[in-house]
Amino acid sequence: MKRAEVPQYVMKLDFMLGSVAFIVVFSVLFMIIYAPFSLTDWFDIFDERRLSISVAFYLACIVIMVASKLSLVLVSRRIAIDRLLYFLWLVGETVAISLLYTAFTRYLVQAEEPHSMPEVAFRAFCCVTAILAIPYAISFLYAAYRAKLRENEVMRYRTRAYGEVSETPQLINLYDGNGTVRMTVDIDALYYMESQDNYVKVCYESEGALHNYMLRCRTKALEKSLEGTPMLRCHRSYIVNITKIKLLRPDKSNSVAILNHSGVKPIPVSKRYYESLVATIAVNPPEAVSAEISADGQ
């Protein structure tokens, strides 16, 4: 059973760093409101010494969170980050910041107002959890909103491209090597896929512009998942959407497929796959390419 994946937008570095800035602003407002009701809080913007301690604490927290986000990005390039792992990562952040607060209280503030360290640690954990949980929840809602916008873009693709409404777009899921869904896209938005070492570059169109997405998986596994779609293998390193082919030009070495977008490079078609590709197109010819094949006598 596949674990629920983290939305792609959440894993973007700019989103992560933006969430850190949001948390800092939110926490300052939170502490201004919370401080008068706390027995162990030392946040004070009017006392010079405590203000300096608070600034030092915030800077240390920013370092912890930024380091955590950068580490998470690096880890995500090696393994899939599901929601459970992401949640545990955030718990780790919370514990680290809580321990930092406890240390600041113990060594910088306790001399003024002694407190029980277990009590301080517990209250710090509860307070930090509240401060982090609310901004992260808002961030996840925003990420879900962005994901919904992207889904709507896919569903409106045929309207933008062909001037007609597609009531039943053929959405497909693209999985990484760990079986995690990394992308959901309308098959009509895809142009080609290119193998690049341990990744596959997915070329697709969104809002009239071409985009590339690097999917960590094997081309063979991806090809198998695309069975029954217009995405066919045409070369050892390429899978092409046959509905996008405008011209299939034979050559002595490798033939090339010219797609119906000027921004897409010619796609090589090896001899091994040429015959099967032509046969498939002959059975279900795209309007743009059928005349060209007939003219070549294929």
Side-chain angles (χ1 to χ4, degrees), residues 1-27 30 60-103 121-122 124-151 154 171-185 193 196-202 211-222 224-225:
M1 182 178 180
K2 296 171 183 173
R3 292 182 176 178
E5 73 284 355
V6 174
Q8 294 180 26
Y9 192 76
V10 174
M11 297 305 299
K12 290 185 176 181
L13 184 59
D14 56 349
F15 176 84
M16 290 184 175
L17 297 181
S19 68
V20 172
F22 179 41
I23 288 171
V24 171
V25 173
F26 177 85
S27 64
F30 181 93
C61 288
I62 291 173
V63 170
I64 290 175
M65 288 189 290
V66 170
S68 173
K69 305 308 182 191
L70 293 175
S71 300
L72 184 59
V73 170
L74 293 176
V75 171
S76 68
R77 294 176 180 175
R78 295 181 174 274
I79 62 173
I81 305 296
D82 57 37
R83 294 186 180 182
L84 176 60
L85 181 55
Y86 188 77
F87 172 76
L88 294 176
W89 198 284
L90 297 186
V91 171
E93 278 187 16
T94 303
V95 171
I97 295 175
S98 300
L99 292 176
L100 180 66
Y101 183 91
T102 303
F122 175 75
F125 181 79
C126 293
C127 183
V128 172
T129 298
I131 290 174
L132 295 182
I134 296 174
Y136 277 134
I138 295 174
S139 298
F140 260 88
L141 290 175
Y142 178 70
Y145 169 73
R146 289 295 298 264
K148 188 65 177 178
L149 285 181
R150 185 173 185 176
E151 180 182 340
V154 172
L171 299 179
I172 59 171
N173 293 326
L174 300 181
Y175 298 87
D176 65 13
N178 295 310
T180 301
V181 177
R182 289 299 181 182
M183 186 178 187
T184 300
V185 62
M193 300 175 180
Q196 296 184 353
D197 296 325
N198 295 325
Y199 290 84
V200 173
K201 182 174 76 172
V202 179
H211 301 274
N212 294 319
Y213 180 80
M214 301 304 293
L215 182 67
R216 187 180 179 88
C217 69
R218 294 182 178 275
T219 309
K220 187 175 181 180
L222 185 59
K224 186 175 181 180
S225 70

Let me see the working for Tyr199 and Cys217 under side chain to side chain contact (heavy atoms under 4.5 Å, CB included), right down to the final yes or no. CA-CA 6 Å; Tyr199 290 84; Cys217 69; over 6 Å; no
What pairs with Tyr136 under side-chain hydrogen bond (donor to acceptor under 3.5 Å, both in side chains), at least two apart in sequence or on another chain? Lys69, Glu93
Any Thr180 side-chain heavy atom under 4.5 Å of Asp82 side chain: no
Approximate separation, where rounding is to 0.5 Å, of Ser27 OG and Ile134 CD1: 11.0 Å
Applying side chain to side chain contact (heavy atoms under 4.5 Å, CB included), run through Phe125 and Thr129 and close with a yes or a no. CA-CA 6 Å; Phe125 181 79; Thr129 298; 3.7 Å; yes
Show the numbers, then the answer: is there a side chain to side chain contact (heavy atoms under 4.5 Å, CB included) between Leu72 and Met16? CA-CA 10 Å; Leu72 184 59; Met16 290 184 175; 3.5 Å; yes
Can you tell if the side chain of Phe30 reaches within under 4.5 Å of the side chain of Cys127, non-hydrogen atoms only? yes
Any side-chain heavy atom of Gln196 within less than 4.5 Å of one from Met214? yes
Yes or no on side chain to side chain contact (heavy atoms under 4.5 Å, CB included) for Val24 and Ile62, after CA distance, side-chain angles and deciding distance? CA-CA 8 Å; Val24 171; Ile62 291 173; 3.8 Å; yes
Given side chains that start at C-beta, do those of Ile23 and Leu132 come closer than 4.5 Å, heavy atoms only? yes
Under the 3.5 angstrom rule, does the side chain of Asp176 hit a backbone N or O of Asn178 as a donor-acceptor pair? yes
Between Leu174 and Thr184, is any pair of side-chain heavy atoms under 4.5 Å apart? no
Between atom CG of Leu84 and atom CG of Leu88, what is the distance when rounded to the nearest 0.5 Å? 4.5 Å
Non-hydrogen atoms of Ser71 and Trp89 that approach each other most closely: CB-CZ2, 3.8 Å
Pairing residues for Ser139 by the side chain to side chain contact (heavy atoms under 4.5 Å, CB included) criterion, not counting sequence neighbours: Phe15, Ser19, Phe22
Find out whether Met193 and Leu215 are in side-chain contact, i.e. whether some heavy atom of one side chain is under 4.5 Å from a heavy atom of the other. no
Would you indicate whether the side-chain heavy atoms of Tyr101 and Leu99 approach each other to under 4.5 Å? no
